[in-house]
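Here's the structure we're looking at; comments come further down.
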Amino acid sequence: MNGRFRTLQMMMGTQEDTHQVFRSGFDVQFLGYHLHEAGFVEYQRVPQLFLFHDDSTRKVSDTYVSLNVIAQKSVTSRGGA
């Protein structure tokens, strides 16, 4: 299979069933913009989250396919304090 096509399938799903259809894609800058708009004050891209076993650590060459981010929301935007 063509390498570019396989990368696209990893990013957007194979479209073969309802669990393999992804309708949006983000890079870190685009996601950061939306996180900021939602009240998050800090975010950091991380290689993996260690929450469960999935394909989020998969790489193509030296680039991660998934965008794993840890974000911190401000106290005031949480409705507290």
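The number of heavy-atom neighbours closer than 6.0 Å to CD of E42, taken from other residues, nucleotides and ligands shown, is 12 or below.
When side chains are defined from C-beta on, V46 does not count as touching V69, because their heavy atoms never get closer than 4.5 Å. Contact check for K73 versus V41: no side-chain heavy atoms found under the 4.5 Å cut-off.
Evaluation of the salt bridge (charged side-chain N to carboxylate O under 4.0 Å, His left out) test over residues 56-66, restricted to residues two or more places apart or in two chains, returns D55-R58.
With hydrogens and angles disregarded, no donor-acceptor distance shorter than 3.5 Å links the side chain of N68 to the backbone of L49.
With values rounded to the nearest 0.5 angstrom, D27 atom CG is found 14.0 Å from Y33 atom OH. Considering CD of Q72 and CZ of F40, their distance stands at 9.0 Å, rounded to 0.5 Å.
L35 and V28 fall within a single hydrophobic cluster, where Ile, Leu, Val, Met, Phe, Trp and Tyr are joined by side-chain heavy atoms under 4.5 Å apart, directly or via other members. Under a hydrophobic clustering in which Ile, Leu, Val, Met, Phe, Trp and Tyr are joined whenever their side-chain heavy atoms come within less than 4.5 Å, directly or via other members, L51 and I70 fall into the same cluster.
Among residues two or more places apart in sequence or in another chain, the ring-ring contact (aromatic ring centres under 6.0 Å, His included) test is passed with F30 by F26, H34.
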